[in-house]
Amino acid sequence: MTKLARIVTAVSLGLLLLVGFGRGEDPAAKLRSDQDGLALTPPMGWYPWNEFGQEPQNEKLIKETVDALVRSGMKEAGYTYIGPDEGICFSRDASGKLTPNLARYPSGLRGLGDYVHQQGLKYALYTDAGTHTCSKAMPGTKGHEFEDMKAFAEWRADYVKVDWCNTAGQTPQTAYPKLRDAQLAAGRPIVFSLCSWGQGQPWKWAASVGHLWRTTADICAPGKASWTAAMKNVEANEKLSASAGPGHWNDPDMMITGMSGLSEVQNRSLFSLWCMMASPLMAGNDLRSMTESTIRILTNREAIGIDQDPLGTQARIVRKDGAAEIWAGKRLFDGSQAVLVFNPGEAPAQVQVTPGDAGFEESASLYVRDMWTHQTSGPRAGSIRVTVAPKDVALLRISKTSSFPLPPIIVADSYRVVFHASGHSAQKLTKAIAVKNNGSSELPLWTVSPGLPSWLSVTVTPSGKTQTFSNQVSVAGLRRGHYHAVVKADNREPLSGLPMSALYYDVDLDVSGAAGGPANN
Ligand code: GLA
């Protein structure tokens with residue numbers, strides 16, 4: 001075996017052991033997320049397409065956007081997944097292997113992934129189920145599904161969006177399950193985002209294949225935010241509320257909030273609609289030059305709490321009053337209810353929201369919290385009267401109690417731990433990562449999955465809403481070489497008892513100078 005082959009074998013074995021899924025597992029499980037615990041709340045992050053299209057997607061843009069996401073407070077608000085979309089990232093060489101485009105991504109696609117992970121974010125990449133991506137500037141996966149998903153795993157992608165261009169003769173119902181099998185075989189836990197724009201009606205079958213699926217055409221052409229097009233996506237997506245839930249989400253496309261051409265009111269309304277629809281919150285604007293107003297909207301933790309609710313219910317329009325729409329049917333983890341009054345019309349709307357609209361008995365005495373003014377009123381009986389300006393919303397949380405807890409928002413200081421050891425002695429090294437919950441509760445201790453390799457042990461200690469994962473490696477007996485493991489941890493939201501999305505991070509260990517020669521495990 002070559003050194004590289006040995007490393008890859010060690011990595012794959014380690015992953016299969018730790019994560020517990022691979023070729024042997026039943027790919028027809030009810031939900032894809034049953035196998036990996038991923039995306040139990042809608043994924044949050046950023047993708048470049050809506051603002052930039054193909055140009056200028058490159059390493060500089062992605063790194064600058066990572067920095068802007070952290071600086072703006074979006075990371076603290078829960079935005080996690082980030083990376084290039086159709087950004088001319090790779091080509092296929094003569095042997096059929098994907099090769100990173102080093103002119104655009106000088107650190108390579110693995111190097112960019114490492115940067116993202118070290119900032120405490122997760123790495124998103126893009127490909128296509130057909131022969132080529134939409135512009136034909138990148139190869140698609142058709143006929144190379146297994147090699148390509150292995151490449152994505154080696155680049156350490158945590159999220160892969162798979163487009164549907166150049167797919168003549170293929171059907172989503174067969175192409176996407178094959179890619180699912182290829183991802184499972186590659187052994188790295190990956191959020192799978194299907195992007196057939198609703199073709200093949202993925203909401204009927206794709207919950208066992210991926211974690212989210214586009215329900216509509218593109219929300220805009222690159223750089224050209226359109227309120228009208230966004231409203232079409234909302235209309236189509238609203239009808240599919242029954243298909244969404246933890247680990248399987250309807251995706252009405254990346255957001256356009258904060259792009260030029262939209263007013264503050266429109267930005268707030270679009271964001272509120274995405275939160276009510278439990279939609280993935282993938283920002284699509286230029287994070288490097290956001291206004292204060294856009295930052296306030298995108299980081300409104302009370303609104304995000306509605307989107308990230310552990311019950312994962314998608315709201316629907318329960319009633320119309322003139323032009324105004326009353327969106328409800330979204331019970332939250334603490335027994336409160338989210339209600340949106342949206343006025344797409346041209347004149348101010350006055351609407352009475354009844355306790356019944358909100359899912360309570362008509363006689364209930366209720367507290368009402370406004371997610372945009374951050375004011376609570378009540379207790380009160382009877383209808384709640386709201387006046388909503390044209391294109392604006394009232395986004396409310398209604399409860400029998402006056403407390404409005406936020407669900408967990410998990411923020412890590414890093415998703416990668418790197419050790420360098422000389423290997424000359426029975427050296428023990430420790431490095432920690434801190435995982436914080438920006439929601440209301442203190443979480444139970446994260447439970448690390450068994451099956452860590454013998455050179456690694458992990459202990460978790462709490463300190464208020466932060467828990468520290470101490471990673472200890474024992475170099476004794478290890479040969480020279482590179483070792484890699486993925487640590488998985490699980491938790492439960494304490495109020496509802498519901499499982500939370502699994503936490504995964506990479507541990508790399510380089511052992512140099514050991515007496516025993518190269519690693520052979
Ligand atoms: C499709 C997708 C978009 C984007 C482009 C890239 O149109 O729906 O989100 O990924 O391809 O070409």
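In each ligand, atom 1 is the first atom listed, and ligand 1 is the first ligand listed. Predicted model only: the values in this text are computed from it and were never measured.
Ring-plane geometry between Phe152 and Trp155 is classed as perpendicular, the angle between the planes exceeding 60 degrees on a 0 to 90 degree scale with a lower cut at 30. Between Tyr123 and His117, the ring planes are perpendicular. Angles over 60° get that label, and only those under 30° would be called parallel. Ring orientation note: the planes of His248 and Trp213 are tilted relative to one another, at an angle of 30° to 60°.
More than 12 heavy atoms of other shown residues, nucleotides or ligands fall within 6.0 angstrom of atom CD in Glu64.
At a 4.0 Å heavy-atom cut-off, the residues surrounding ligand 1 are Trp49, Asp85, Glu86, Tyr126, Cys134, Lys161, Asp163, Cys195, Trp197, Arg214, Asp218, Met254, listed by chain and number.
The six-membered or imidazole ring of Trp46 lies away from that of Tyr81, with a centre-to-centre distance of 6.0 Å or more. A ring-centre distance under 6.0 Å is not found for Phe192 and Tyr159.
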